[in-house]
Amino acid sequence: MKKPINVGIIGYGSCGRLHAEAIQKLSSIFFLVAIADIDSVAAPEGARIYSDYRELLADPGVDAISICTYPNLHYEQTLAALNSEIYRDVLVEKPPVLEVGQCRELGNLALTRGVVLYFAHHTSMIPPVAAARQLLAGREVVGIEALYMDNALGWHSPDKWIFKVSTAGGGVLMDCGINIMSAVMGVLPEARFTPTRVKVSSAPSVDVETQAEVDFSFGTRGSGHLTMDWEYPKNIRRIRFTTSDGETVTIDIVRGRLYCDGRVAFGFENSDNNLSMEYPLVYQDFADHIARRESNTNTQPLRFILDTYNKIKDR
Ligand SMILES: NC(=O)c1ccc[n+]([C@@H]2O[C@H](COP(=O)([O-])OP(=O)(O)OC[C@H]3O[C@@H](n4cnc5c(N)ncnc54)[C@H](O)[C@@H]3O)[C@@H](O)[C@H]2O)c1
């Protein structure tokens with residue numbers, strides 16, 4: 001039997017714990033051996049715990065690193081992980097970094113070092129995305145309507161890092177827009193998306209945008225609209241694709257379902273929180289990339305979000 005890949009997680013907050021759960025579910029492939037967090041956190045059973053991520057990087061028992069800290073730390077920590085004396089594959093949470101040039105630099109470094117660098121976009125991993133990609137292959141999509149609405153402002157204290165530009169790199173667009181656009185791009189991998197009009201507003205208690213309306217174009221004649229809201233009482237995460245012959249294919253991300261002209265065409269589980277279902281799929285994909293020795297440094301979702309921010313500045 002093949003030896004499991006020993007993983008060290010940097011940043012053991014909400015997302016780090018989702019990673020630990022996923023690693024446990026894929027126990028024949030991965031094993032969690034260490035975590036690093038600046039806060040005192042309860043380490044999962046058997047895992048070594050470090051307060052400085054550089055100590056984790058010096059641990060010879062760690063084969064792969066998962067970076068689950070705030071977005072503004074991803075670049076520095078990924079760079080350190082790729083440059084460390086021990087050659088290791090590295091997974092980075094979304095948004096991978098906050099500048100496209102940094103993605104390129106990290107991708108080139110991984111190539112030079114011969115290690116796998118994997119940018120995790122969990123929403124693009126859900127099975128309805130792959131099912132929609134198959135259904136729409138070879139057909140012309142002319143319209144997209146994407147909604148991402150929840151009550152993040154009600155759930156979290158205004159001090160949370162996601163409400164600060166310095167730590168998150170933006171607001172609802174950077175934190176959630178990247179998720180929904182990674183799913184859109186997962187369905188139409190060949191298309192290039194360009195924001196054409198952007199309107200944002202902010203709740204008074206925080207310094208980032210909490211609502212956004214984005215028009216975008218794609219392909220030769222496609223147009224789409226993205227609506228995002230962090231002050232909505234319910235969870236709605238939905239993408240509707242309209243083909244040139246008028247058919248609609250809709251992904252309901254919250255329920256994990258795919259509808260074709262309103263009828264359920266595919267469902268993987270009816271759940272209100274599919275994050276714990278998404279992360280084993282992320283780790284399976286990471287394992288597949290490791291087996292093929294192939295990086296996944298897809299910058300398209302980040303590029304689109306940065307283009308929307310540039311559009312706001314241009315106004
Ligand atoms: N929370 C989610 O549901 C979720 C889902 C998908 C992706 N993500 C992504 O995961 C990342 C982390 O988000 P989160 O929600 O887990 O945040 P969080 O605040 O819950 O956890 C972040 C953790 O990083 C630790 N940390 C901060 N600085 C550190 C350092 N220098 N070294 C080591 N640890 C450090 C913090 O103490 C904290 O425990 C973000 O990029 C986010 O976009 C989060």
Side-chain angles (χ1 to χ4, degrees), residues 7-23 34-44 47-59 62 65-81 84 90-99 102-103 106 118-126 148 150-152 155-183 208 228 230 235 237 253-254 271-283 285-286 301-302 305:
V7 183
I9 296 178
I10 301 179
Y12 198 62
S14 322
C15 192
R17 285 192 289 272
L18 285 166
H19 283 240
E21 248 180 60
I23 290 168
I35 62 169
D37 200 295
I38 48 165
D39 264 3
S40 57
V41 289
R48 300 181 282 285
I49 181 153
Y50 300 106
S51 56
D52 186 326
Y53 77 90
R54 284 163 294 207
E55 292 171 322
L56 184 147
L57 294 182
D59 182 337
V62 175
I65 308 282
S66 290
I67 295 176
C68 303
T69 50
Y70 317 134
N72 66 320
L73 301 176
H74 292 179
Y75 171 69
E76 168 203 315
Q77 295 178 341
T78 307
L79 194 64
S84 72
V90 182
L91 177 155
V92 191
E93 257 308 330
K94 45 69 52 170
V97 285
L98 298 174
E99 288 173 30
Q102 294 175 339
C103 290
L106 295 172
Y118 181 90
F119 294 164
H121 287 108
H122 58 98
T123 314
S124 71
M125 285 290 116
I126 62 169
Y148 199 115
D150 63 29
N151 191 20
W155 298 333
H156 303 297
S157 119
D159 292 341
K160 190 166 166 92
W161 65 264
I162 54 167
F163 300 130
K164 294 189 172 69
V165 175
S166 57
T167 40
V172 69
L173 278 164
M174 183 58 90
D175 190 55
C176 303
I178 206 162
N179 293 344
I180 198 147
M181 288 312 291
S182 75
V208 293
M228 314 223 36
W230 260 344
N235 258 7
R237 293 166 194 183
I253 297 170
V254 176
S271 159
D272 244 10
N273 172 17
N274 36 27
L275 276 175
S276 51
M277 282 179 272
E278 289 169 23
Y279 272 89
L281 301 169
V282 169
Y283 271 85
D285 197 45
F286 183 36
L302 176 67
I305 296 304

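Every number for a ligand or one of its atoms is a count from 1 in the order of the listing. As a basis for the values below, the full set of heavy atoms in this structure was taken, side chains included, without hydrogen atoms, waters or symmetry mates.
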Engineer: Looking only at heavy atoms, is any part of Y279 under 4.0 Å from ligand 1, and if so is it the side chain, the backbone, or both, or is it neither?
Structural biologist: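 The answer is the side chain.
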Engineer: Taking atom 22 (C) of ligand 1 as the point of reference, which of Y70, Y12, Y50 owns the nearest heavy atom?
Structural biologist: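 Shortest heavy-atom distance from atom 22 (C) of ligand 1: Y70.
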Engineer: Once the angle between the rings of W230 and F163 is folded into 0 to 90°, is it parallel (under 30°), tilted (30 to 60°) or perpendicular (over 60°)?
Structural biologist: perpendicular
Engineer: Under 4.0 Å from a heavy atom of A36: give me the atoms of ligand 1 that qualify, with their elements.
Structural biologist: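 Contacts of ligand 1 toward A36, numbered from 1: 33 (C), 34 (N).
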Engineer: At what distance is the nearest protein heavy atom to atom 37 (O) of ligand 1, and which residue and atom is it?
Structural biologist: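 That would be D37 OD1, 2.6 Å.
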Engineer: Which residue holds the protein heavy atom closest to atom 7 (C) of ligand 1, what is that atom called, and what is the gap in Å?
Structural biologist: E93 OE1, 3.1 Å
Engineer: Nearest protein heavy atom to atom 29 (C) of ligand 1, by residue and atom, and its distance?
Structural biologist: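 That would be I38 CG1, 3.6 Å.
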Engineer: Determine, using heavy atoms of Q77 and all atoms of ligand 1, whether some pair is separated by less than 4.0 Å.
Structural biologist: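 It does; at least one heavy atom falls under 4.0 Å.
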Engineer: Under a 4.0 Å heavy-atom limit, does V41 contact ligand 1 with its side chain, its backbone, both, or neither?
Structural biologist: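 No part of V41 comes within reach of ligand 1.
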Engineer: Apply the test side chain to side chain donor-acceptor pair (under 3.5 Å) to residues E76 and Y53: give CA-CA distance (whole Å), side-chain angles for both, the deciding distance (0.1 Å), then the verdict.
Structural biologist: CA-CA 11 Å; E76 168 203 315; Y53 77 90; 2.9 Å; yes
Engineer: Does K94 use its side chain to pair, donor to acceptor, with the backbone of D175 at less than 3.5 Å?
Structural biologist: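 Here the side-chain-to-backbone pair exists.
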Engineer: Could you list the atoms of ligand 1 found under 4.0 angstrom from a heavy atom of G13?
Structural biologist: 16 (O), 20 (O), 21 (O), 23 (C), 39 (O)
Engineer: Against heavy atoms of L73, which atoms of ligand 1 measure under 4.0 Å?
Structural biologist: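 In order of number, 28 (N), 29 (C), 31 (N).
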Engineer: Determine whether the side chains of D37 and Y50 contain a donor N or O and an acceptor N or O closer than 3.5 Å.
Structural biologist: no
Engineer: With side chains defined as the heavy atoms from C-beta onward, is the minimum distance between S166 and N72 less than 4.5 Å?
Structural biologist: no
Engineer: Judging by distance only, is a nitrogen or oxygen of Y53 under 3.5 angstrom from one on ligand 1?
Structural biologist: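 There is no such contact.
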Engineer: Between E93 and H19, is any side-chain donor less than 3.5 angstrom from a side-chain acceptor?
Structural biologist: yes
Engineer: At a non-hydrogen distance cut-off of under 4.0 Å, which region of C68 contacts ligand 1 (side chain, backbone, both, or neither)?
Structural biologist: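 Contact part for C68 vs ligand 1: backbone (N, CA, C, O).
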Engineer: Would you mind running through ligand 1 and noting each atom that sits below 4.0 Å from a heavy atom of D175?
Structural biologist: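 Matching atoms, with element in brackets: 43 (O).
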Engineer: With a heavy-atom distance limit of 4.0 Å, tell me whether W161 approaches ligand 1 through its side chain, its backbone, both, or neither.
Structural biologist: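 Answer for W161: side chain.
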Engineer: State, with a plain yes or no, whether a side-chain heavy atom of V41 is found less than 4.5 Å away from one of I49.
Structural biologist: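 Yes; the side chains approach each other to less than 4.5 Å.
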Engineer: Mind checking whether D52 contacts ligand 1 via backbone (N, CA, C, O), side chain (CB onward), both or neither, at a 4.0 Å heavy-atom cut-off?
Structural biologist: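 Near ligand 1, D52 shows nothing, with every heavy atom at 4.0 Å or more.
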Engineer: Keeping S124 on the side-chain end and A183 on the backbone end, is there a donor-acceptor pair under 3.5 Å?
Structural biologist: no
Engineer: Side chain, backbone, both or neither: which applies to K94 and ligand 1 if a contact is any heavy-atom pair less than 4.0 Å apart?
Structural biologist: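 For K94, the contact with ligand 1 is made by both the backbone and the side chain.
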Engineer: Taking H74 for its side chain and P96 for its backbone only, find out whether a donor-acceptor pair lies under 3.5 Å.
Structural biologist: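 Checked: pair present.
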Engineer: Check A34 against D59 and note the closest heavy-atom contact, atom names and distance.
Structural biologist: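 Nearest pair, atom of A34 first, then D59: CB-OD2, 4.3 Å.
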Engineer: I need the atoms of ligand 1 closer than 4.0 Å to a non-hydrogen atom of T69, numbered in the order shown.
Structural biologist: 11 (C), 12 (C), 24 (O), 26 (N), 29 (C), 33 (C), 34 (N), 35 (C), 40 (C), 41 (O)
Engineer: Pick from Y118, Y279, F119: which one makes a ring pair (Phe, Tyr, Trp, His ring centres under 6.0 Å) with F286?
Structural biologist: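 That would be Y118.
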Engineer: Under 4.0 Å from any heavy atom of H74, which atoms of ligand 1 are there?
Structural biologist: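 So the atoms of ligand 1 that pass are 41 (O).
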Engineer: Check this for me - ligand 1, C15, N or O atoms closer than 3.5 angstrom, yes or no?
Structural biologist: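 Between C15 and ligand 1 (N or O atoms, distance only) the closest approach is under 3.5 Å.
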